[in-house]
Structure formats: structure tokens, C-alpha cells
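To start, the structure under review is shown below, and the notes come after it.
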Number of protein chains: 2
Amino acid sequence: MPRDTLNRDQIVKTATDLLDAEGLDGLNMRALGKRLGSAATAVYWHVGSKENLIALAGDQAWNEITLPDLATTDWRTAATQMATELHAMLTRHPWLVQAFGSFVVFGPGKARHDDRSLAVFEAAGFTEAQADQAAASVFTFVLGNALGPAAADSLAKRLSRDSGNAEELMRASMAKAHEIAAQYPRLRARLETASAEYAAAPAETFEFGLAALLDGLEARLAPSTSVRPGTSAAREES
Amino acid sequence: MPRDTLNRDQIVKTATDLLDAEGLDGLNMRALGKRLGSAATAVYWHVGSKENLIALAGDQAWNEITLPDLATTDWRTAATQMATELHAMLTRHPWLVQAFGSFVVFGPGKARHDDRSLAVFEAAGFTEAQADQAAASVFTFVLGNALGPAAADSLAKRLSRDSGNAEELMRASMAKAHEIAAQYPRLRARLETASAEYAAAPAETFEFGLAALLDGLEARLAPSTSVRPGTSAAREES
DNA sequence: GTTCCACTTGCACACAGTTCAAGTCGTTCC
DNA sequence: GGAACGACTTGAACTGTGTGCAAGTGGAAC
């Protein structure tokens, strides 16, 4: 019977919890060690470095995404579902978006997701090269959408960590933004109707843009070559 | 005659140079001080904090973007031009994309850009609310597109800073990615035709996705309400 | 019971952001 | 012309964080 010991999965899980709670800047090895009930440096034996730990946690997050079954779902629905799932996942883990900008996150989890994403667009009737571009377009659209909220989340967490009166600082920075925006007619118009720049129903904006993008992609299919569910896609691992 | 002294603009300019050359992680106050010919701490008197410095440099970058003249350009061309300019700017300053994920970058430069972006879609015939969503969609699409390259750039710079044999580490990490990708049929197919995941003409993918998105947006205009150049848009500051 | 090896620990180093008290040097006011 | 002022600059030092290292520690295998 091995002694009760740390293991990689447990570390990655705990790190994910900490990242969700405290953000990317909020994660430090000593805090992680404390939460794991061991010395900070013990973690290094299992994951090698902080960067690698984040890469592991990041890749794991992709496995939370439920992939659509192409045999029973038409491509448009499947694409929307995947984009929505990804969007939700990135909202749960805003730090992943930040990590994505700092180093390359690519592991089994993302590979699983990417492959299915390509499958969706190939099932739609795109050529390989087109499916590549279509999948990349939708992916980057969703990623870009998550960037703003990720920044806001990161900022909020940092403020509430550093100082007691996070609310006030937040309000001050918002006020300064309003002051600047008020100098431009269209931005000012937005300020008068809504309270904050991003406050205008971000979820609807996401759906709007996604639908528009998918429309545009659909139009790039050879005319009336639309493929019915189950017609061309082979079944694979789900 | 004031003594030859530091000033904010000069600091921001130098910081931008350093950021372009070394990336977001590569910027540190002592290196910046050295490049400015003064002590690291002198910078603090002018910009307050590193975060604020980056925010200043980040906002300044938006001013590099040439805005289209709506009186002489149809909205579709204008939108494409703005997106392309933004894309190019983010390629020149990959650190901005990272900064965008960490804290809110909003200043006069971005406000100037955002306002014109809204103008483009209002000129197209969108309602205010729709223009909001359309502008946000295009913006996030471009931003998302820049995220991958930004990560690659950041990683490359960090590797070449930390160790002599950056090439080898890069190759190793690439090889691991290939190994994972090879387990999925469609990813494997890509590996066999192209050399790397993102190597397949990223510029074309950007244009493809942008055109698709704009098509989708155009379809959301009330049918045949397209607006000719100069018809509805008032002239404003350029 | 000895040896071994997977793991853990505390110490310590390096480096980065930032603060602070003490300068320095033009300018301004008498 | 000199003294007080204030805009800047400086070097030392504090803090927090990632990480290497050498010395443990305890279960398992022979």
C-alpha cells in the first residue's frame, strides 16, 4: 500500500479550483501547496513547472466539452452546440483565455475537440482546406468573445485581492472610461442607453455574431450541396 | 530651460519598442530604465505603475490605425479595411493581445477606433443595437485571430531569452503536439499535408473568416436597404 | 533488516515590482 | 544674488514568487 501521496491528477484538479477562484495571477505555488496540504515544492516533482501545470489544467478543461454526435445532428446545429459549449467552458475558466495568449496550450483534450470541430465542417460538405478555415474562424470568434470577460474577471479578482475597497477602484476606472467615451458621439449614445460598455447583453451579442458567421460560412458551401444528418459522416469515438 | 528630463511620451514610446522586441514578459522596469538612461524607479514618477504603463502603451497602439473615410468608402470596404488594419496592428504588437486578456485596455485611442467602427455599421443601415453587435462581432473575431500568433510569439521570445537552444525546445514541443495530433484522423490528415497546425496560410484563413462574417452580417440588414457611400453618414473628425 | 526508490521538505537564490527617504538642479520670489 | 520651492532622480531595501538543491522519510522488495 503506497503511502498517502500527491498525484498529478489531484494537483491539476486543485490547481483548476484555485485558478477558477483566484484567476491566473492568483495562483502561486505556495498557496497551491497549502491547499494540497504539502510543501509548495512537492508539486514540482509531479508537474515540473508552473507553466506546465497550467498547460495541464488548461488542456483538461477541453474535456469538459460535450461533443455533438454527427450521426444524429445536422452540421449547423452541431457547430452551434460546439461553439456554445466552448463559450460556456471559457466563461467557467476565464484564466484559460489568458493562458492561451501567453503560451501554446495543446494537449489531448484540445486535440479531441479540434478533431470533432473539423469533422463538423467536413460533414457539412466543406473540403478539407475549407473546413480548416471554417473551424478556425468559429474557434477564434469564440475565443475573441471570451477575451473581454476574461480581462474583466482578472481585473476584478486582482483588485479584490490587493485592496479592501475593490468596488471603489472599479467604479473609478469605469468612470474614467465613461469620461473618455463621452467625447465620441456613438459611444456617448451607448452610455446614455446602457450603463456600461459591455453591459448590453453580451450573450445576445455572442449568439448574433455566431449566427452571422455560420450564415456566411454556409453560403460558402457549393450551392445546394447541403448534407443530411448521417449521410456522410462515419461514426467515431464520442 | 528645463533640465533634460524624462517625459511620459518618451517612456511610453520606449516601452512600446521594448515590448515589441521582447514581449510582455520581456518588459521589466530595470531594463526599461537602462534603455532610457535613468534609474528604473524614475519611471514610476511618470506612469505610476507597470500596469498603467502597459495600458498607456496599449492605448497608444490604437492610434496607429488609419480610419476609413465613410463619405467616400462603402461600409463593406470600410469594415474590411478597419479589420485588416487592426489585424496588422495586433500582429505588430502581439503583447497587446495578451494585455487585453489581463486587464481592461480602454483609453482615447481605442475610443477613437470604436466610435468609427460603430459608424461603419450604422452607415451600413444597422440600427444602433445591431451596429453594436456587429462591431463587437468583427472586433472579437479579429482579436481571437491574433491570440494564437500572440501566444506563439510570446513563447518563442521567452524560449530564446531563457536558453540558448530555443530552436531545439521549440522543435521538441512541436513534436509532442504532432504526436498527440496524430491520434486523431483529421488532425493527422492536416499534419500530412502541411507541416504545422497553424502553418496553413493564416492570412488566408483570416480573410476567409472575415469575409464570411461580413456576409452574414450583411444578410442581417433589411433586404435591399444597402446604403451608398456618402448617403447617410455625416462627416466627422478623421 | 537492509537497501532502494518514490516522494517530500526546508533552505536559499535570483529576480521583479514597488516604496521611501534623501538627494539634485532649474526656477521663482524677495 | 541668495534662499526657498518643487519637479524630478536616485540607490537602497522590502516583498512576493518561481524554482534548484541537498537532505530527509517511509513503504516495498529482496
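Residue numbers begin at 1 in each chain, while the letters A, B, ... track the order of the sequences.
Atom-to-atom, CG of A/Asn52 to C1' of D/dT19 comes out at 14 Å; the value is rounded to the nearest Å. Rounded to whole Å, the distance from CD1 on A/Ile11 to C1' on C/dC7 is 11 Å. Across the protein-nucleic acid pair, A/Arg158 atom CZ and D/dT17 atom P stand 13 Å apart, rounded to whole Å. Atom pair B/Tyr44:OH and C/dA21:P shows a separation of 17 Å (rounding to whole Å applied). Between the P atom of C/dT24 and the CG atom of B/Leu6 lies a distance of 19 Å, rounded to the nearest Å. Atom CE of B/Met29 is separated from atom C1' of C/dC15 by 15 Å (rounded to the nearest Å). If you take CZ of A/Arg8 and P of C/dC7, they are 12 Å apart, rounded to a whole angstrom. When rounded to the nearest whole Å, the span between CZ of B/Phe103 and P of C/dG17 equals 12 Å.
Contacts of A/Leu27 with the nucleic acid, taken as non-hydrogen atoms under 4.0 Å apart, involve only primed sugar atoms and P, OP1 or OP2.
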Test side-chain hydrogen bond (donor to acceptor under 3.5 Å, both in side chains) on A/Asn7 and A/His46; report intermediate values, then the result.
CA-CA 7 Å; A/Asn7 68 66; A/His46 297 274; over 6 Å; no
Determine, step by step, whether A/Asp153 and A/Lys157 satisfy the salt bridge (charged side-chain N to carboxylate O under 4.0 Å, His left out) criterion, reporting the C-alpha distance in whole Å, the side-chain angles of both residues, the deciding distance to 0.1 Å, and the verdict.
CA-CA 6 Å; A/Asp153 182 77; A/Lys157 274 168 181 153; 2.9 Å; yes
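Picking from C/dT18, D/dT10, C/dA12 the nucleotide with the shortest atom distance to the side chain of B/Ala39 gives D/dT10. In the set C/dT18, D/dG18, D/dT9, D/dG18 carries the atom at the smallest distance from any side-chain atom of A/Asn28. Checked against D/dT19, C/dG17, C/dT8, the side chain of A/Lys50 finds its nearest nucleotide in D/dT19. Closest contact between the side chain of A/Thr41 and the listed nucleotides C/dG10, D/dT17, D/dT10 involves C/dG10. Each of D/dC8, C/dT8, C/dT18 was ranked by its minimum atom distance to the side chain of B/Trp45; first place goes to D/dC8.
With B/His93 as reference, B/Glu64 is the one residue of B/Glu64, B/Gln98, B/Gln60 to meet the side chain to side chain donor-acceptor pair (under 3.5 Å) rule.
Because its NZ or CZ atom is not both nearer than 6.0 Å to the ring centre of A/Phe103 and within 45° of the ring axis, A/Lys50 does not count as a cation-pi partner of that residue.
Side-chain nitrogen and oxygen atoms of A/His46 include none within less than 4.0 Å of the OP1 or OP2 phosphate oxygen of C/dA6. Side-chain N/O atoms of B/Thr5 include one lying less than 4.0 angstrom from OP1 or OP2 on D/dT9.
For A/Arg30 and A/Gly37, each mapped to the nucleotide of DNA chain C holding its nearest heavy atom, the one lying further toward the 5' end belongs to A/Gly37.
Salt bridge present: A/Arg158 and B/Glu51 bring a charged side-chain N and a carboxylate O closer than 4.0 Å.
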